[in-house]
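Report on one structure; see the data block that follows.
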Amino acid sequence: MYGKLKNLIGKILAEKFAFDGFFQVSPAPKFTGCDYATNAGRKFDENQLQAFREELLKTGIFEKVKFIPPFTNLKLKMDFLRNSFSEIFEEKPKTKRKEKILIEFVSANPTGLLHIGHLRGAVIGDTLSRILKESGFDVIKEYYVNDRGRQIDLLTQSILAIKNKKPVPEGGYQGKEIEEIAEKIKDKSGEEIKEFAVACLLDEIKKDLKKIDVEFDSFFSEKKLYEDKKVDEILEILKKKNAVFEKEGALWLDVKEADEKDRVLVKSDRSATYFLSDIAYHYDKFKRAQILINIWGADHHGYVARVKKAISILGFNPENLKVILYQIVRLKRGNEVLKMSKRDGTYLLARDVIDEVGRDAVRFFLISRKADAQFDFDLELAKKKTNQNPVFYLQYAHARICSVFEKAKTKSEDFEVKNLNLLGEETRELLKKACEFEDVLKNCVEDFSPHYLTVYLSELATLFHNFYEKTRVITDDIEVTSARLSLLKGILQILRRGLNLLGISAPEKM
RNA sequence: GCCCCCAUAGCUCAACUGGAUAGAGCACCGGUCUUCGGAACCGGGUGUUAGAGGUUCAAAUCCUCUUGGGGGCGCCA
């Protein structure tokens with residue numbers, strides 16, 4: 001709807017007023033008695049305003065055009081609203097976008113099990129992927145596996161120590177999952193243990209992600225990056241760009257102007273840093289896609305500037321790498337903040353949380369806040385099967401509509417949309433909201449912010465419940481009944497699509 | 001010490017990206033059931049948008065400083 005109005009107003013401005021600057025279309029506040037507002041005419045004089053008003057009325061879609069400086073408020077004709085609504089039912093061919101997007105998320109080290117923070121990254125990445133796909137992009141979901149290096153060596157040492165009943169090395173790994181691996185390694189050699197352990201842990205990680213319906217198209221191995229000589233290659237390329245210099249026996253990348261200081265690529269012991277292999281990884285990603293999205297925990301923010309700089313040295317536009325940083329999640333039970341200590345055994349794993357509150361609640365709550373805000377996840381609230389819980393509120397709207405169709409002895413899928421012209425003023429707000437679905441998806445894509453969708457669906461559900469309480473759907477009047485069922489069919493369709501994009505179930509009965 | 005993110009109603013969060021009188025849910029009080037699902041709906045009030053300046057016709061939003069919370073700054077990953 002916003003897109004539509006913006007196009008229409010933009011056209012009038014360009015054709016009749018030779019104006020092509022920036023303007024907005026926003027919802028009109030209640031007191032105006034209008035639907036939408038635009039600030040497009042804020043610099044017009046009295047004559048221009050009159051002309052603008054006439055041009056707007058000439059389109060035939062506005063019932064009222066009301067000027068309150070600096071806004072022009074617009075009230076839509078019901079006819080236009082009903083027509084816009086009916087487009088929901090049209091099978092539109094998806095507009096194919098030419099850019100391929102590679103979205104990398106979770107990428108937790110295979111040295112242990114996932115925790116709640118990883119889940120936030122997982123849900124943001126997965127939901128965003130779904131929305132991007134729905135919007136016509138070709139999307140690759142990728143998990144970068146750090147299956148080599150110091151942490152993995154430490155993992156191997158920890159496993160051997162546990163097996164030999166010796167103390168785990170400083171900063172090493174322990175826990176039930178590590179003990180289980182130690183029991184299974186028998187007389188495997190060092191390299192075999194590494195591979196085995198990584199495979200086992202990655203398998204556990206995949207199982208957890210599967211529980212909340214997060215699956216990847218590819219798992220990219222850091223080790224393979226080395227084996228395929230991609231790391232050596234990238235060093236040569238960077239050298240050719242004259243961006244590498246030697247100091248104190250190490251090789252450095254000249255990123256000082258973007259980052260705080262220059263960064264080491266190859267240490268004085270000739271081994272590569274994580275930074276170097278990461279550049280190689282991003283180089284590889286850019287060969288496979290035009291737009292990269294990385295979803296990282298906020299503790300990686302210091303890393304963004306240097307990676308972007310490295311990318312631009314390689315000749316790619318750093319703007320085509322979008323890094324979404326998400327802040328930490330605190331777990332609460334009611335008012336009590338859970339202290340997460342591995343030592344006290346109070347540490348809640350991702351799987352514990354999923355098992356306790358369920359997939360739908362985990363996904364909904366973790367996606368319903370913008371990524372860069374810290375977030376308190378209340379396990380008590382997430383578990384509640386009452387109206388306090390927004391997940392159930394949404395699903396209830398869906399189930400309620402299903403039950404109306406059941407009562408009407410028809411199926412929503414088979415129901416033929418008709419008599420929309422019989423929908424009256426009482427459906428205005430609901431129709432409007434329904435017509436804004438595409439705008440919301442567009443906002444999600446433009447901002448890489450999937451959380452708008454949860455806000456929107458909750459609002460849509462509220463308006464539906466509101467309408468439902470006031471207006472009987474199934475009446476003695478067959479014509480009116482079919483009009484209202486048509487309305488419900490549209491709402492149902494949006495709820496389903498929306499819930500599906502969020503990866504939340506849309507139950508027909510609850 | 002330097003850098004990044006955050007601060008909105010008692011609580012959890014929105015605010016269409018610089019717009020009008022800052023909105024929802026929860027909590028609290030009261031109401032709505034012979035009718036399609038009461039897991040719902042309706043009504044009631046709450047704000048110095050952490051604070052102080054600045055830019056703008058217009059600031060929760062942009063700039064500067066202060067306070068508080070989180071995080072990052074090694075030839076770590």
Side-chain angles (χ1 to χ4, degrees), chain A residues 2 22 24-32 36-39 42-43 68-71 73 109 111 146 149-152 154 222 247-252 259-261 263-269 271 273-275 277-278 297-305 325-328 330 332 334-335 365 368-378 381 384-390 392-393 395-397 399-408 436 439-440 442-443 446-447 449 451-452 454-456 458-459 461-462 464-475 481 484-485 488 509-510:
Chain A
Y2 288 99
F22 176 79
Q24 280 179 314
V25 176
S26 52
K30 252 189 202 143
F31 74 89
T32 60
Y36 297 99
T38 178
N39 61 356
R42 67 191 179 285
K43 288 187 177 158
I68 307 174
F71 298 100
N73 292 287
N109 282 349
T111 50
N146 299 119
R150 183 161 304 169
Q151 300 310 312
I152 297 298
L154 199 53
E222 184 193 1
K247 192 175 92 182
E248 296 159 8
L251 292 179
W252 301 66
D259 205 350
E260 295 158 38
K261 42 193 103 168
R263 302 290 172 178
V264 170
L265 297 171
V266 180
K267 295 178 253 179
S268 52
D269 66 1
S271 66
T273 60
Y274 184 85
F275 183 39
S277 59
D278 224 23
D299 53 343
H300 286 75
H301 79 80
Y303 203 60
V304 177
L325 298 171
Y326 61 88
Q327 294 286 333
I328 56 161
R330 281 197 313 180
K332 285 170 67 178
N335 288 328
F365 280 98
S368 60
R369 316 294 184 233
K370 55 185 171 201
D372 56 8
Q374 289 161 229
F375 168 57
D376 288 351
F377 189 117
D378 184 350
L381 176 63
K384 276 187 186 160
K385 296 205 183 337
T386 72
N387 58 350
Q388 291 173 17
N389 188 334
F392 286 87
Y393 184 82
Q395 293 177 322
Y396 179 61
R400 216 176 196 187
I401 295 175
C402 289
S403 111
V404 174
F405 275 100
E406 197 177 324
K407 192 81 179 180
E436 289 169 11
D439 299 296
V440 172
K442 192 163 160 265
N443 283 346
E446 278 174 4
D447 272 14
S449 285
H451 84 279
Y452 295 141
T454 57
V455 176
Y456 170 80
S458 300
E459 286 169 355
T462 301
F464 161 69
H465 286 308
N466 195 311
F467 165 80
Y468 178 89
E469 293 290 333
K470 285 187 189 148
T471 316
R472 253 192 95 74
V473 175
I474 301 169
T475 65
T481 301
R484 293 186 180 156
L485 283 173
L488 260 56
K509 284 189 183 0
M510 294 171 72

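Chain naming here is simple, since letters A, B, ... match the order of the sequence lines and numbering starts at 1 in each. In this text the structure is predicted, and so the values were computed from the model without any measurement.
Nucleotides B/rC41 and B/rU35 place their C1' atoms 15 Å apart, quoted to the nearest Å. Comparing B/rA50 with B/rG68, their C1' atoms are spaced 8 Å from each other, to the whole Å. Only the C1' atoms considered, B/rG19 is 16 Å distant from B/rU49, to the nearest whole Å. Of the C1' atoms belonging to B/rG44 and B/rC5, the separation is 38 Å, rounded to the nearest Å. Of the C1' atoms belonging to B/rA9 and B/rG47, the separation is 6 Å, rounded to the nearest Å. Here the separation of B/rG23 from B/rG45, taken at their C1' atoms, is 14 Å to the nearest Å. Between B/rA14 and B/rU8, the two C1' atoms lie 10 Å apart (nearest whole Å). Here the separation of B/rG54 from B/rG18, taken at their C1' atoms, is 16 Å to the nearest Å.
Using a 4.0 Å cut-off between charged side-chain N and carboxylate O, A/Glu406 and A/Arg400 make no salt bridge.
Toward the 5' end of RNA chain B, the nearer of the two residues A/Glu469 and A/Lys509, judged by each one's closest nucleotide, is A/Lys509. Of the residues near RNA chain B, A/Gln327 and A/Tyr468, the one whose nearest nucleotide (by heavy atom distance) lies more toward the 5' end is A/Gln327.
Set against B/rG37, B/rC36, B/rU12, the side chain of A/Ser403 has B/rG37 as its closest nucleotide. Of the candidate nucleotides B/rC41, B/rG70, B/rA40, B/rA40 has the atom lying nearest to any side-chain atom of A/Tyr396. Distance from the side chain of A/Ala399 is smallest for B/rG37 among the nucleotides B/rG37, B/rC41, B/rC36. Picking from B/rG19, B/rA20, B/rA14 the nucleotide with the shortest atom distance to the side chain of A/Lys370 gives B/rA14. Closest contact between the side chain of A/Pro70 and the listed nucleotides B/rG19, B/rA14, B/rC36 involves B/rG19. Picking from B/rU21, B/rC6, B/rA39 the nucleotide with the shortest atom distance to the side chain of A/Phe392 gives B/rA39.
Using a 4.0 Å heavy-atom distance criterion, A/Thr471 is classed as a base contact. Here A/Ala37 lies in heavy-atom contact (under 4.0 Å) with a base. A/Asp259 comes within contact range of no nucleotide atom at all, as no heavy-atom separation falls under 4.0 Å. Nucleic acid contact for A/Val473: base, since at least one base atom lies under 4.0 Å from a heavy atom of the residue.
Listed for the A/Ser368 side chain is no donor-acceptor partner under 3.5 Å among the backbone atoms of A/Thr454. The closest donor-acceptor contact from the side chain of A/Trp252 to the backbone of A/Lys247 lies under 3.5 Å. Proximity of a side-chain donor or acceptor of A/Asp439 to a complementary backbone N or O of A/Tyr2 within less than 3.5 Å is detected.
Taking atom CD1 on A/Ile328 and atom C1' on B/rG69, their separation rounds to 9 Å, with Å as the unit. Look at CD on A/Gln24: it is 12 Å from C1' on B/rA20, rounded to the nearest Å. Here B/rC41 presents its P atom at 14 Å from CD of A/Glu459, a figure rounded to the nearest Å. Between the CZ atom of A/Arg369 and the P atom of B/rA7 there is a distance of 13 Å, given to the nearest Å. When the P atom of B/rG18 is taken as reference, atom CZ of A/Phe22 falls 7 Å away, rounded to whole Å. What separates CZ of A/Phe31 from C1' of B/rA22 is a distance of 13 Å, to the nearest Å. The CE-P distance, from A/Met510 to B/rA39, rounds to 10 Å in whole Å. B/rA58 atom C1' lies 15 Å from atom CD1 of A/Ile68, rounded to whole Å.
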**Message:** Using a 4.0 Å heavy-atom cut-off to protein, can you give one letter per nucleotide of nucleotides 72-77 of chain B, 5' to 3': B if the base is in contact, S if only the sugar-phosphate is, - if neither?
**Reply:** SS-BSB

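Defined by atom type and a distance below 3.5 Å, a donor-acceptor pair is missing between the side-chain atoms of A/Asn109 and A/Gln151.
Heavy atoms only, all atoms of each residue included: A/Asn39 and A/Gln24 are closest at OD1-N, 2.7 Å. The nearest pair of heavy atoms linking A/Ala408 to A/Leu485 is CB-CD1, 4.0 Å. Closest non-hydrogen pair, A/Ala298 versus A/Leu325, comes out as CA-CB, 4.3 Å. Residues A/Phe275 and A/Val264 share a closest heavy-atom pair of CD2-O, 4.0 Å.
The phosphate of B/rC41 (OP1 or OP2) has a side-chain N or O of A/Tyr393 nearer than 4.0 angstrom. In terms of phosphate contacts, A/Asn466 brings no side-chain nitrogen or oxygen within less than 4.0 Å of OP1 or OP2 of B/rA40.
Aromatic ring orientation, A/Tyr274 versus A/Tyr303: tilted (interplanar angle from 30° to 60°).
For A/Tyr452 and A/Tyr456, the distance between ring centers is not under 6.0 angstrom.
By the 6.0 Å contact criterion, NZ on A/Lys267 is enclosed, its count of non-hydrogen atoms from other residues, nucleotides or ligands being greater than 12.
A donor N or O paired with an acceptor N or O is not found under 3.5 Å between the base of B/rA20 and the side-chain atoms of A/Asn39.
Taken together, the paired segments of RNA chain B that extend over three or more consecutive Watson-Crick or G-U pairs, each closer than 3.5 Å at both contacts, are B:1-7 with B:67-73, B:10-13 with B:23-26, B:28-32 with B:40-44, B:50-54 with B:62-66.
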